[in-house]
K.L.:
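Take this structure first; my questions come after.
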Amino acid sequence: MPANKLENGVQENPRRRQRGASTIHDVARRAGVSPMTVSRVINGKKNVKSATRERVEAAVRELNYVLNPAASSLASDNVIRIGLLYSNPSAAYLSEFLVGGLEQCSRSNVQLVVEKCEPGDEDTIAERLIASGIDGIVLPPPLCDSPSVIEVLARAKMPAVAVATGKPADTVSAVSIDDYKAALEMTRHLILLGHQRIGFIIGHPNQSASGRRLEGYRAGLAEAGIAEVEELVTQGLFTYRSGLDAAEQLLRLDEVPSAIFASNDDMAAAAVAVAHRHHLDVPADLTVCGFDDTALATTIWPELTTIHQPITDMSRAAVRLLIEEIRHRRDNNEARHPHTLLDFTLIRRQSDAAPRRRPPPMHARDLAMPPEL
């Protein structure tokens, strides 16, 4: 951050900074508190103990950390600034999420700071946002399940809302759907169509929603008395590329599945592409279903049967929940961590059908081989 940029209602003198002037982190270390606590003291917020406030003020004086009135006014109790940390590889998911968050912030007259996290720098960026005087943070997937980020926020007592997590941490609020029930409903749908051999592409192992969707798939098979076949369950990463690899693995089995249920639309779209490469018609030869109902679901052909996760509404709900919690704490109330569950819907389009009763199609590799004489 340049030396003349505002930080937590404080502006460092550029000349002093060049000579090694103190930062808010130096003040926090001197006072034995978090940067967030320093920010609260500097900005005159009420929810700080008297003894802590005195230590911080003493550290500010000792280190000559100068208050900037203009910056301080930006951080007053009348203004709410929330951060959104993201590292989601799915552009379709992220675009819908951002639309919801931006719309709700505009309606609520709240400032939104959007920060992209590269792998490995999530904690650093979270700490930087906290030090900037942010009032709360929204965590879409996969950061909603990052133990280190959630620990950083918990130490700073920062209000936060995790979105689309399958297992919310105790220290954050959450907005999600029931991933288990959604996957169970899709598996039941495929079984009712007549499918017995159903391939499943798991989502990224670092996201709790992936495990819940896998559990729902397994429960659907067990409910129908269908034995789970290990080779029909393949690992994906919620990316199109991983979906290509997983679908290729499934469609090169000696006995291919009649349906593939992917844990998100990106991987489902990839499965459709692989099916075409294997000269399979979707859905006549292979049913493919996804999860999320992003824009991608209706921009490929055939359009995907999928679980509609209300991503935009979930983002809006997360912002509303975060604003309520910030205001609740500003009134010196104890922190709350409510969890909101929104409804999902199974959307049927053109990518599913009953299995065709005919000899299984040959693999693409078999089609390329010359017939034996």
K.L.:
Quick check: do Glu127 and Arg155 have side-chain heavy atoms less than 4.5 Å from each other?
P.N.:
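Yes, side chains in contact.
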K.L.:
Measuring from Ser173:OG to His339:NE2, what's the distance to the nearest 0.5 Å?
P.N.:
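Reported value, rounded in 0.5 Å steps: 6.5 Å.
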K.L.:
Check the pair Ile82, Leu112 against side-chain contact (heavy atoms from CB on, under 4.5 Å), reporting the backbone distance first and the verdict last.
P.N.:
CA-CA 5 Å; Ile82 65 174; Leu112 180 65; 3.7 Å; yes
K.L.:
Just so I know, are the side chains of Val38 and Val33 near enough to count as touching, which here means a heavy-atom distance under 4.5 Å?
P.N.:
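Yes. Closest side-chain heavy atoms under 4.5 Å.
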K.L.:
Run Arg213 and Phe261 through side-chain contact (heavy atoms from CB on, under 4.5 Å) and show every step you take.
P.N.:
CA-CA 10 Å; Arg213 293 173 193 182; Phe261 176 17; 5.9 Å; no
K.L.:
Measure the shortest side-chain to side-chain distance between Leu286 and Leu251 over non-hydrogen atoms and say whether it is less than 4.5 angstrom.
P.N.:
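Answer yes - side chains close enough.
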K.L.:
Got a sec: does the CG of Asp331 have more than 12 other heavy atoms crowding it under 6.0 Å?
P.N.:
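Result for CG/Asp331: enclosed.
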K.L.:
How about CG on Asp281, more than 12 heavy atoms from neighbouring residues, nucleotides or ligands closer than 6.0 Å, or not?
P.N.:
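Yes, because the 6.0 Å sphere around CG of Asp281 holds more than 12 heavy atoms from other groups.
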K.L.:
Quick check: closest heavy atoms across Arg349 and Asp352, and the distance to 0.1 Å?
P.N.:
O-OD1, 3.5 Å
K.L.:
Do Asp285 and His278 have a side chain donor and acceptor closer than 3.5 Å?
P.N.:
no
K.L.:
Would you please say whether a donor-acceptor pair under 3.5 Å links the side chains of Asp145 and Thr165?
P.N.:
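Looking only at side-chain atoms, Thr165 and Asp145 do form a donor-acceptor pair, the distance falling under 3.5 Å.
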K.L.:
Evaluate the criterion side-chain contact (heavy atoms from CB on, under 4.5 Å) for residue pair Ser258 and Gln196; output intermediate values, then yes/no.
P.N.:
CA-CA 8 Å; Ser258 62; Gln196 297 282 307; over 6 Å; no
K.L.:
Mind checking what makes side-chain hydrogen bond (donor to acceptor under 3.5 Å, both in side chains) contact with Thr312, not counting sequence neighbours?
P.N.:
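Partners of Thr312 under the side-chain hydrogen bond (donor to acceptor under 3.5 Å, both in side chains) test: none.
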K.L.:
Nearest 0.5 Å please: distance from the CD1 atom of Ile177 over to the CZ atom of Phe291.
P.N.:
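The distance works out to 4.0 Å.
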K.L.:
With rounding to the nearest 0.5 Å, note down the distance linking CD in Glu185 to CZ in Arg188.
P.N.:
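CZ of Arg188 is found 7.5 Å from CD of Glu185.
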K.L.:
Can you tell me how far the NE2 atom of His328 sits from the CD atom of Glu334, to the nearest 0.5 Å?
P.N.:
7.5 Å
K.L.:
Please determine whether residues Val60 and Leu63 belong to a single hydrophobic cluster, defined as Ile, Leu, Val, Met, Phe, Trp and Tyr linked transitively by side-chain heavy-atom distances below 4.5 Å.
P.N.:
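Yes, Val60 connects to Leu63 through the hydrophobic network.
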K.L.:
How long is the gap from CD on Glu96 to CG on Asp293, to the nearest 0.5 Å?
P.N.:
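It comes to 7.5 Å.
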K.L.:
Given the rule in the side-chain contact (heavy atoms from CB on, under 4.5 Å) test, do Phe344 and Gln309 qualify, once you have shown the distances and angles that lead to the verdict?
P.N.:
CA-CA 5 Å; Phe344 64 86; Gln309 180 172 210; 5.9 Å; no
